[in-house]
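The next block holds one structure in the form of structure tokens; read it before the comments.
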Amino acid sequence: MSTPAIRRHVFVALSCVAAGCSQGTPATVIVPVNPGLKDAYKDAFLIGTALNPRQFGGTDTMGIRLIDKHFNAATPENVMKPQPIHPQPGQYNWAPADAYVAFNEAHGITTIGHTLVWHSQTPAWFFTDSAGKPKTREAMLALMKDHIYTVVGRYKGRVKGWDVVNEALNEDGTMRQSPWFRTVGADFVIKAFQYAHEADPAAQLFYNDYNLATPAKRDGAVRLAKSIRDAGIPVAGINTQEHHKIDSPSITLIDSTFIAIRNAGFHANVTELDVDVLPRGAGPNTADVAARAQAVANGNPYTAGLPDSMQTKLAKRYEDLFRVYLKHADIIDRVTFWGTDDGSSWLNGFPVPGRTNHALLFDRKGNTKPAYDAVMALALKSSRSR
Ligand code: GLA
């Protein structure tokens with residue numbers, strides 16, 4: 001890996017000396033050492049962020065400044081999910097998703113689609129008929145095919161990769177009892193990949209889930225991906241959401257996820273990275289958006305800002321995570337943060353609404369945090385050691 005902006009600076013400075021630029025070469029040849037995340041990690045993987053309508057709609061100018069400097073990949077936080085994009089039978093809400101794709105193209109950002117088949121943020125009519133009765137397997141497969149063909153078809157050639165199926169697994173690696181699984185059966189995942197592949201044969205297709213550092217769940221994801229591959233449909237990677245906490249799961253477990261994915265012959269993406277710094281209490285260890293936890297005593301301690309001791313802890317956590325990602329850079333193609341700055345993180349509302357979390361590398365004002373410095377320093381160190 002290398003950090004091109006820095007190398008270029010050193011090169012310019014040396015060639016300046018060689019050319020005697022102190023005697024009259026214009027000062028404009030000096031390139032400032034000010035790379036963004038995407039520059040520092042250019043030779044390792046893409047650096048992505050989840051985008052919301054304030055960003056691709058142009059109103060969040062602070063967010064857009066950060067996006068332009070630091071990110072070269074994007075995932076829509078919500079607007080391509082089944083509920084927002086296909087709220088009623090035959091009725092699609094294209095404007096927000098179109099704006100998202102157009103924003104990425106205007107800003108030179110690789111576009112990811114998220115997500116086609118999920119049990120959550122999906123309208124009830126996907127699963128039940130007009131009388132409220134569960135649909136048949138045939139009806140649900142017909143709807144799945146129509147939905148995927150329509151959405152993937154609209155953005156064919158513009159969306160580079162799709163999270164085809166989201167969160168199909170239980171924590172023990174068995175299939176989640178979702179309406180898709182209950183009605184269609186275990187092959188709903190293969191069907192979804194088949195339809196997506198037919199709709200855009202060039203698109204990269206991913207399986208996406210959380211808590212893949214849990215060995216049983218990780219093994220389930222690998223089994224699922226193999227079953228799709230065995231059915232003859234290309235799987236571009238297993239996507240690990242990486243919603244982590246400040247002290248769990250262990251780095252060893254996170255590392256072992258990528259080892260298992262590698263051993264099965266797949267690539268991976270880190271798709272929803274953030275680090276929750278707030279107390280979770282006794283709530284479930286989950287990134288399931290339906291989960292809600294009771295407010296815990298002293299559960300919102302950092303409303304006035306993150307104290308130095310916690311900034312240091314967060315920086316160490318991010319450095320440890322990126323060390324693992326760099327170790328596996330040959331199979332990790334993208335590391336995407338779930339949000340841009342702390343103010344735009346879903347963790348301010350999950351699993352307890354109305355808290356002040358500090359989960360990302362940029363604070364609410366768009367300033368870099370010590371965690372950012374640690375991640376940037378690691379890139380530099382890693383480029384020097386190669
Ligand atoms: C899951 C989903 C995402 C998003 C997050 C919370 O991880 O995959 O789309 O809903 O939950 O923002």
Side-chain angles (χ1 to χ4, degrees), residues 48-56 60 63 73-87 93 96-97 100 111-123 126 147 151 159 161-171 176 178 180 189 192 196 205-214 217-218 220-221 224 237-245 249 254 257 268-278 280 283-293 334-355 357-360:
T49 183
L51 294 188
N52 65 49
R54 291 180 306 287
Q55 295 163 331
F56 52 78
D60 177 5
T75 303
E77 187 172 5
N78 284 300
V79 299
M80 283 180 162
K81 289 171 177 171
Q83 172 74 56
I85 208 169
H86 196 179
N93 178 25
Y100 159 73
T111 300
I112 301 301
H114 172 88
T115 178
L116 297 168
V117 174
W118 193 18
H119 60 277
S120 193
Q121 290 182 261
T122 299
F126 264 56
H147 177 80
V151 176
V159 168
W162 282 98
D163 290 335
V164 179
V165 175
N166 205 31
E167 303 175 355
L169 295 167
N170 293 316
E171 296 305 288
R176 183 192 285 268
S178 72
W180 288 113
V189 175
L205 307 182
F206 305 108
Y207 175 71
N208 192 53
D209 215 329
Y210 59 83
N211 282 356
L212 294 188
T214 302
K217 191 167 187 180
R218 168 199 78 205
L224 205 53
I238 297 177
N239 284 351
T240 153
Q241 293 186 5
E242 309 269 302
H243 292 294
H244 292 312
K245 309 199 180 46
I254 293 168
T257 308
N269 293 295
V270 172
T271 52
E272 303 186 15
L273 176 60
D274 48 29
V275 176
D276 187 347
V277 299
L278 296 181
R280 273 288 174 105
N285 174 27
T286 181
D288 190 328
V289 283
R292 285 290 169 272
R334 167 170 41 96
V335 173
T336 292
F337 292 83
W338 204 242
T340 305
D341 62 89
D342 284 340
S344 68
S345 164
W346 73 303
L347 289 174
N348 296 306
F350 177 89
V352 179
R355 298 197 296 176
N357 219 321
H358 302 265
L360 299 167

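Order of listing sets the numbers, starting from 1, for every ligand and every atom in it. Numbers here simply count residues along the sequence, with the first being 1. Just so you know, these numbers use all the heavy atoms, side chains as well, and skip hydrogens, waters and symmetry mates.
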Below 3.5 Å only, please: the N or O atoms of ligand 1 paired with protein N or O atoms, distance on each line.
| residue | atom | partner | partner atom | Å |
| --- | --- | --- | --- | --- |
| ligand 1 | 7 (O) | Gln241 | OE1 | 2.7 |
| ligand 1 | 7 (O) | His243 | NE2 | 3.2 |
| ligand 1 | 7 (O) | Glu272 | OE1 | 2.3 |
| ligand 1 | 8 (O) | His114 | NE2 | 3.4 |
| ligand 1 | 8 (O) | Asn166 | ND2 | 2.9 |
| ligand 1 | 8 (O) | Gln241 | NE2 | 3.4 |
| ligand 1 | 8 (O) | Glu272 | OE1 | 3.4 |
| ligand 1 | 8 (O) | Glu272 | OE2 | 2.8 |
| ligand 1 | 9 (O) | Lys81 | NZ | 2.9 |
| ligand 1 | 9 (O) | His114 | NE2 | 2.5 |
| ligand 1 | 10 (O) | Lys81 | NZ | 2.7 |
| ligand 1 | 12 (O) | Trp338 | NE1 | 2.7 |

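Side chain of Tyr210 to backbone of His244: no donor-acceptor contact under 3.5 angstrom is found. Between the side chain of Asp342 and the backbone N or O of Leu360 there is at least one donor-acceptor pair closer than 3.5 Å.
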Show, in sequence, the C-alpha distance, side-chain angles and deciding distance for Thr271 and Asn208, and conclude whether the side-chain hydrogen bond (donor to acceptor under 3.5 Å, both in side chains) test is met. CA-CA 8 Å; Thr271 52; Asn208 192 53; 2.8 Å; yes
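Qualifying salt bridge (charged side-chain N to carboxylate O under 4.0 Å, His left out) partners for Lys217, counting only residues two or more places apart in sequence or in other chains: Glu171, Asp209. For Thr49, the side-chain contact (heavy atoms from CB on, under 4.5 Å) partners two or more places apart in sequence, or in a different chain, are Leu51, Ile67, Phe71, Thr340. Residues that satisfy the ring-ring contact (aromatic ring centres under 6.0 Å, His included) test with His114, not counting sequence neighbours, are Trp338.
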